[in-house]
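We count residues from 1, following the sequence as given. In each ligand, atom 1 is the first atom listed, and ligand 1 is the first ligand listed.
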Amino acid sequence: MKFYDAHNHLQDERFAGHQSELLTACEKSGIARMVVNGACEADWPQVLQLAREHKMVLPSFGYHPWYLPERTPDWLANLNRFLDEVPSAIGEIGLDRWKPDLPYTGQEEVFLAQLQIAAERNLPVSIHCLQAWGRVLELLQSHPRPPRGFVLHSFGGPAEMIPAFAKLGAHFSFPGYFLHGRKLKQRETFKQVPPERLLIETDAPDQHLPADINRFPLVGSDGKPLNHPANLVAVYAGLAEFLGEKTESLAARVETNFQKVFGGL
Ligand SMILES: [Zn+2]
C-alpha cells in the first residue's frame with residue numbers, strides 16, 4: 001500500500017532540523033509523496049531545499065493568510081521565482097475570519113493573485129479556509145481556476161456546499177484531527193464527498209490525532225506535542241474504519257485522486 005499526504009508543513013521550525021529522521025520513518029511506513037506547504041516568504045527556501053534533497057517531498061509555495069502582514073513588496077515576484085525553480089504546487093493560500101486580531105483587509109487580494117497564477121500555470125492549489133466558506137466559493141466561482149483542480153485542505157465547511165465546490169474542481173482533504181470524538185459532525189460531512197474527490201492529510205506538525213491512535217508521539221523543544229507526518233497511515237486507517245471501507249481500497253482510491261491533482265509534479 002502507498003500513502004499520500006495531501007498537506008503538511010515538514011519545513012516547520014518546530015521539527016528543529018529532524019526532517020531527515022521524520023522522512024525515514026515516513027518511508028518505512030509506506031508514504032510515497034507528501035505535499036509540503038510553505039506559508040510565507042521566510043519558509044519557502046526550506047521547502048525548496050527539502051524538495052531538492054528528498055524525492056518524497058512535493059513542494060508547494062504560497063502565502064498563508066496568517067502571515068500576510070510579513071509580506072515584502074516583492075512577494076509576488078518572489079513566489080514566481082520559487083515556482084520557476086522546481087515543479088511545484090501553490091499553497092497554502094486562503095481566507096481566515098476566525099483567527100483573532102488577524103486583519104481581513106488584503107486577504108482577498110493576495111488570495112486572488114495566487115489563484116490567478118495557479119490558473120495560468122495550471123498548478124494545483126491548497127486552500128485554507130476558516131469561517132469564510134461562502135466567500136471562498138464566490139471568489140472561486142467568479143475567477144479563473146486551475147483546470148487540474150484545487151484542494152480544500154482540512155475541509156471544515158458544511159456538507160451542503162460540497163456539490164457546489166466539487167463542480168468547480170474541488171478535492172476535499174481529511175485531517176487526522178477529525179478523528180477526535182468531538183469532531184464527529186465534521187467527520188460525517190466526508191460521507192458526502194464524491195469518492196473521486198477525496199484526499200487525506202496530516203497537516204503535521206499540527207492537527208494531533210487522538211492519543212489512542214497516535215503511533216508516533218512527538219514533543220517539541222517547548223514540551224508541546226507535535227503531529228508526526230508518519231501518522232498519515234493512522235489517518236487512513238481511521239477514515240477507512242469510519243467509512244466502512246478496507247484501508248486497501250481507500251488507499252487505492254486516494255492514490256488515483258492524488259495523482260490526478262498532483263501528478264507530474
Ligand atoms: Zn496547513
Side-chain angles (χ1 to χ4, degrees), residues 3-15 19 22-23 26 31 33-48 50-51 56-71 79 82 88-99 102 107 110-111 114-115 118 123-133 136 149-157 165 170-180 183 186 190 198-209 218 220 224-232 234-235 239 254 258 261-262 265:
F3 303 94
Y4 295 84
D5 192 344
H7 187 103
N8 76 27
H9 300 277
L10 186 71
Q11 83 283 5
D12 196 291
E13 60 188 14
R14 287 171 287 170
F15 285 136
Q19 278 80 359
L22 299 171
L23 284 165
C26 288
I31 296 169
R33 289 308 298 276
M34 55 172 67
V35 183
V36 175
N37 284 257
C40 57
E41 285 161 287
D43 73 3
W44 296 343
Q46 283 98 295
V47 173
L48 178 61
L50 285 167
M56 193 192 297
V57 171
L58 194 162
S60 187
F61 303 104
Y63 240 110
H64 188 295
W66 290 5
Y67 305 104
L68 293 194
E70 295 173 16
R71 72 191 187 279
L79 176 59
F82 276 88
S88 45
I90 295 187
E92 177 172 355
I93 74 170
L95 297 182
D96 193 313
R97 280 181 173 141
W98 164 82
K99 194 176 170 62
L102 181 73
Q107 287 192 32
V110 172
F111 173 78
Q114 296 179 97
L115 182 65
L123 295 177
V125 57
S126 287
I127 298 176
H128 159 110
C129 180
L130 288 174
Q131 293 185 5
W133 290 104
V136 164
F150 58 92
V151 178
L152 297 175
H153 120 77
S154 289
F155 176 68
F165 276 120
H171 291 70
F172 303 82
S173 179
F174 181 90
Y177 189 70
F178 289 174
L179 294 169
H180 285 273
K183 301 302 285 185
Q186 200 55 46
F190 275 81
L198 177 68
L199 293 170
I200 299 179
E201 67 175 70
T202 60
D203 204 16
D206 295 314
Q207 304 221 43
H208 319 295
L209 273 60
L218 194 65
K224 291 190 179 143
L226 299 176
N227 188 13
H228 192 303
N231 271 324
L232 181 67
V235 185
L239 180 60
V254 170
F258 184 95
V261 188
F262 292 105
L265 298 178

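- Thr202 and Asp5 share a side-chain donor-acceptor pair at under 3.5 Å.
- Taking the side chain as every heavy atom from C-beta outward, Leu265 and Leu123 approach each other to under 4.5 Å.
- Donor-acceptor pairing under 3.5 Å is lacking for the side chains of Asp206 and His9.
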Does Phe155 form a side chain to side chain contact (heavy atoms under 4.5 Å, CB included) with Trp133? I'd like the steps, not just the answer. CA-CA 10 Å; Phe155 176 68; Trp133 290 104; 3.6 Å; yes

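- Residues that satisfy the side-chain contact (heavy atoms from CB on, under 4.5 Å) test with Glu13, not counting sequence neighbours, are absent from this structure.
- Remark: the Ser60 side chain and the Glu92 side chain contain no N/O donor-acceptor pair separated by less than 3.5 Å.
- Protein N/O/S atoms found under 2.8 Å from the Zn ion (ligand 1), listed by chain and residue number: His7 NE2, His9 NE2, Glu92 OE1, Asp203 OD1.
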